[in-house]
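Remarks on the structure that follows.
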Amino acid sequence: MSLPFSPLSKLYRPLPILQLYRHYISPSRPICVSFRPSPHLQASMAASQPMAVEAPTLAHPVDVASHAPHVNVSASSNGRPNSRTNGARKRYEESSSEDEKPLAKKARPVANGNGNTARGAAASDSDLSEDDQPLAKKKVNGRTSASKEIRDYSDDDDVSESASESESDEPLAKKKPAAKPRSSNAKAQAKKSAATSSSEDEKPLAKRAKAAPKKAVKKEYSSSEEDEKPLAKKAKASSSKVKEEKKPVVKKEKKVKEEEQEEQFKWWEQAEGDGTVKWTTLVHNAVLFPPPYVPLPKDVKMKYDGVPLTLPPESEEVAGFFGAMLGTDHVEDKVFQANFFRDFKAMLEQYPPKEGIKVTSLEKCDFRPMYEHFEREREKKKAMSKEEKKALKDAKDELERPYLYAEIDGRKEKAGNFRAEPPGLFRGRGEHPRKGTLKHRLRPEDIIINIGKDAPIPKPNIPGNWKGVQHDNTVTWLAHWKENVNNQAKYVFLSAGSAWKGQSDRAKFEKARELINHVDQIRKDYTVDLKSKITAERQRATALYFIDRLALRAGNEKGEDEADTVGCCSLRYEHVTLEPPNKVIFDFLGKDSMRFHQEVEVDAQVFKNIKIFKAEPKGKGDDLFDRLNTTGLNKYLNDQMKGLSAKVFRTYNASWTFQQQLKNTPKNGSVQEKIAAYNTANREVAILCNHQKTVSKGFAESFAKMADKVRALKYQRMKLRYQLFTLEPKMKKKRADLAETESDMDEEFMERHEEELLEKALEAAKKKFERDNVKLEESQEKKKPKSELDDRLKEIKAEFKALSKERKTKSVEPKKGATVEKLLEQITKMDERIAAAKVQMSDRDKTKDVALGTSKINYIDPRITVAWAKKYDVPLEKLFTKALREKFPWAEAEADEDWVF
DNA sequence: AGTTCGACTTAGCAGGCGTGCA
DNA sequence: TGCACGCCTGCTAAGTCGAACT
């Protein structure tokens, strides 16, 4: 939408980032009806956009094989298991080249239709007999031909034909038909029909009533039995037992402290249950609904074709959602616009403007009056006095208080996301086909709550009745609903610090630690399987190699109605490129549409395999691992080790890498230096897991500022050198190293710098003069005459003139008392400052697009941090935020300084 | 066996807030 | 003392994975 003259085009003027419109603007305003969207709103979605795949820009080759997390994590930063392309990353955003590059996915069905016969016929068996030959026309005709298409590798390394052989080489049964229209069609259809069957709402509990209670009852029995012989199982978990025995000493002191603060439930000291029954009593207030929509003041109206529209609250609210987003990228996004406008029009259909104007073009919509209103409101809010702000916050706290905690088996536990999600426009990430779609306002009738049988059923804070009330004690959620945009389930759970979350978190890390004992065998196995004659095995081994070495995610299949992102099993032909002799270039969009772009050197066999998996007749849009899916992979892993799945490798490798990296901590360093080492280790892990963040807006500027600071230091150093040489010309030869000019000290910078210094000096002198006079006045003395200041300013200017002269003559009059020794010392100090500033700079640069938090929260066993903190005597609060400490109390209790992952 | 569902973990974004610096 | 800036937190989207359903 680029109509330079349309009202909407005004939106595109750069606008300050705005705070998202919140729905709490004024709780005291009158209540207004909440709307219920018409069913047809949910209907058809705009066709998904084709997507362009950026051409890979490669950087930083990495030898994965030798730096894989488990192989060695060397002390040097080169030892990172992998490294990322600098700058090139970023979530994939709509690209203008879109049209030229058809959506891979989309292309598939077409390729499918055509490709079937063509490929099948073209690829004769004799085509393939070499190692580098492809698997024969795999998955060509989908199911029917599948078993016939299978080819085995007839000897260790080489692929050759033996079509008749191998029952065992069945492809994954289903094997998406050829270039696959994907199962998602069916899925989408099913979803659609489900959505249209409105009766769903009316008989909400039918299913649940059947399933849940039964489960619950069963579980309840087993739980009571469990209680009687609680330790039977425990005994098996010997390791944890040993730990428990050791502990009491350490704990006693701690206990006192903790109990003072608040009686905390120390679940990690309790016997473990069997994990199926989660609670016996459960009391809570479910969700807090946001206040109803408050119509805008009468004079705030969006315009259509220049005419102000008087909208009913229902449609005004939707207009406001868009209006509040002016200035963001979303507003300029075509898909976002289309989805929004479709839903907005539908809303207008039902709640038309008073003026009777038919809204047919988004370009004619001008939401700026709304935007400006929100801006004003925001300013007002900001300008409120402390008391007003506090009053507002108190009111909010009061409102939320009943929802903050749940009571579980008599214990108080903090609830997590108890606020019902307010309505708004769906902000899907990357190229999500539904971004911009209206997310409806939730009513009690949308929400199912899960609560104890004897617990009072909470009353919603807005009129209405819960969609359902169930008592399933095998699950941990308090409330749940389906959102309308993607028809996905949303849950209210307890907070991260709760026993439930803590227990499963700990179990996760224990599982990852268990992998330590199996990983050697697993690696051996997959290394052998890389040469397997059975394609499926070879693919599985290769995939596992990537999951293990590159920390790729499993990569489930995705539907057409989601952003096109992939993980290991769903990698497609175009996502990996081979560069002989042994380099593989990955370039794809992973979770959250974050780009994964790496060049890695792989084992020769892996390289060979990829070549085979990519061979004709495969092409763009085809699965790289056509005989593999996550279910199969995880089944295999589970056979290797109970409870093992692909994601465990990420946890294991992250924690393991972290622990290895921490060995670089300087034993005698300052706390700061130690923390720096800690953060470096953290960063390595974040890079391993490809955790990214957008570079902050002001980064370029602030980085340039830093660079200037470094240069200013160099400038000072230069002056010191000149003094030195003026004082003792012999030094020029003696210390030839000091005769060299500082790097990036060009004339232009120096001039600018000197001017800035002058400016500052003048300013400072003026201020000082004023201050002095104020003081004099206070003490009732005579003020200094203005002429004194003028003299001073002249003096300063003269001094600064000398600067440029000094620069040109490269000679500086030594300061009073200067000696060669003193100057040399000063220069050394300056060198240190420069070096430190440079380190800081490169650090900032390296970290600008790496998100450290995610790995800390989810992947790094917190006990590693606790142990490290104890060992190196670093206060834990410097490593963990309050929230993290609340999340990991068990780690603090459990890990002493000798603890190892 | 394939597909969908359910429950739970993992993820980046954006706004608020505290802090360090000029 | 004000203000930029970076960190923290809340929010909710987007994954994983096993079980249930068809």
Side-chain angles (χ1 to χ4, degrees), chain A residues 17-20 22 91 143 170 172-176 182-184 186-188 190-191 194 207-208 211-212 215 278 328-329 378 382 416-419 421-422 424 426-430 432 434-435 439 450 472 474-477 480 482-483 485-491 493-496 500-501 504-505 508 553-559 562-563 565-567 569-570 590-594 629-635 637-638 643-648 650-651 689-694 696-699 701-702 705 760 763-764 767 844 847 851-855 857-859 881-884:
Chain A
I17 302 202
L18 66 145
Q19 186 180 33
L20 197 86
R22 300 214 166 220
R91 160 168 311 141
R143 262 167 229 186
E170 288 296 316
L172 276 191
K174 57 167 207 179
K175 243 9 183 164
K176 319 112 199 194
R182 280 201 193 176
S183 57
S184 34
K187 196 166 144 191
K191 272 187 192 169
K207 243 192 224 166
R208 250 158 243 118
K215 242 202 276 178
K278 305 292 196 335
T328 66
D329 292 345
R378 195 165 66 113
K382 229 166 74 182
N417 54 324
F418 56 82
R419 288 173 207 87
E421 292 178 15
F426 174 68
R427 293 159 112 108
R429 315 237 167 113
H432 194 118
R434 297 198 175 162
K435 55 184 168 181
K439 200 167 79 167
N450 189 40
D472 184 351
T474 66
V475 294
T476 66
W477 53 267
H480 138 234
K482 279 254 175 87
E483 51 92 20
V485 179
N486 296 295
N487 206 233
Q488 268 163 1
K490 299 271 196 171
Y491 295 85
F493 291 112
L494 292 186
S495 75
W500 286 342
K501 295 284 192 187
S504 65
D505 219 29
K508 171 183 77 185
R553 295 187 184 83
N556 283 314
E557 286 277 308
K558 290 190 76 186
E562 302 170 271
T565 62
V566 299
C569 294
S570 48
K591 181 174 178 180
D592 288 315
S593 291
M594 301 314 288
N629 63 21
T630 53
T631 307
L633 178 68
N634 282 334
K635 249 182 208 143
L637 289 175
N638 191 256
L644 184 62
S645 66
K647 82 195 264 283
V648 179
R650 264 168 88 80
T651 313
C689 296
N690 201 39
H691 291 143
Q692 308 183 15
K693 68 174 188 212
T694 43
S696 74
K697 258 201 168 157
F699 179 82
E701 206 182 327
S702 88
K705 250 189 212 166
K760 270 187 203 157
E763 199 55 38
K767 279 218 173 118
R844 274 242 263 155
T847 323
L852 300 189
T854 309
S855 50
I857 294 167
N858 299 301
Y859 288 106
T881 62
K882 192 170 135 262
L884 276 182

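Proteins get letters first, then strands, A, B, ... in listed order; numbering begins at 1 in each. Small disclaimer: the values here were computed from a predicted structure and weren't measured. Side chains are part of it too, since the values below use all heavy atoms of this structure and drop only hydrogens, waters and symmetry mates.
Rounding to whole angstrom units, CZ of residue Phe493(A) and C1' of dA7(B) are separated by 6 Å. For the pair Leu852(A) CG and dA11(B) P, the computed distance is 14 Å after rounding to whole Å. Atom CD of Glu701(A) is separated from atom P of dA4(C) by 11 Å (rounded to the nearest Å). In this structure, Asn487(A) places its CG atom 14 Å from P of dA13(C), rounding to the nearest Å.
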> Could you walk me through whether Lys558(A) and Thr565(A) pass the side-chain hydrogen bond (donor to acceptor under 3.5 Å, both in side chains) check?
Replying inline: CA-CA 8 Å; Lys558(A) 290 190 76 186; Thr565(A) 62; 2.9 Å; yes

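Among the atoms of the strands shown, none is found under 4.0 Å from any heavy atom of Gly853(A).
Applying the 3.5 Å distance criterion, the base of dT9(B) shares no donor-acceptor pair with the side chain of Lys501(A).
Side-chain proximity of Asn417(A) to the nucleotides dT10(B), dT12(C), dC13(B) is greatest for dT12(C).
With respect to the salt-bridge test (charged N to carboxylate O, under 4.0 angstrom), the residues Lys439(A) and Glu483(A) do not qualify.
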List every contact pair, protein side and nucleotides 16-18 of chain C side both N or O, where the distance is under 3.5 Å.
unit_1, atom_1, unit_2, atom_2, d
dT16(C), OP1, Ala554(A), N, 3.4
dT16(C), OP1, Gly555(A), N, 2.7
dT16(C), OP2, Asn556(A), N, 3.1
dT16(C), OP2, Asn556(A), ND2, 3.1
dC17(C), OP1, Ser645(A), OG, 2.8
dC17(C), OP1, Ala646(A), N, 3.2
dC17(C), OP1, Lys647(A), N, 2.7
dC17(C), OP2, Asn634(A), ND2, 3.1
dC17(C), O5', Asn634(A), ND2, 3.4

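Under the 4.5 Å side-chain criterion, counting only non-hydrogen atoms from C-beta, Lys490(A) is not in contact with His480(A).
The side chain of Lys490(A) places no N or O atom within less than 4.0 Å of a non-bridging phosphate oxygen (OP1 or OP2) of dA7(B).
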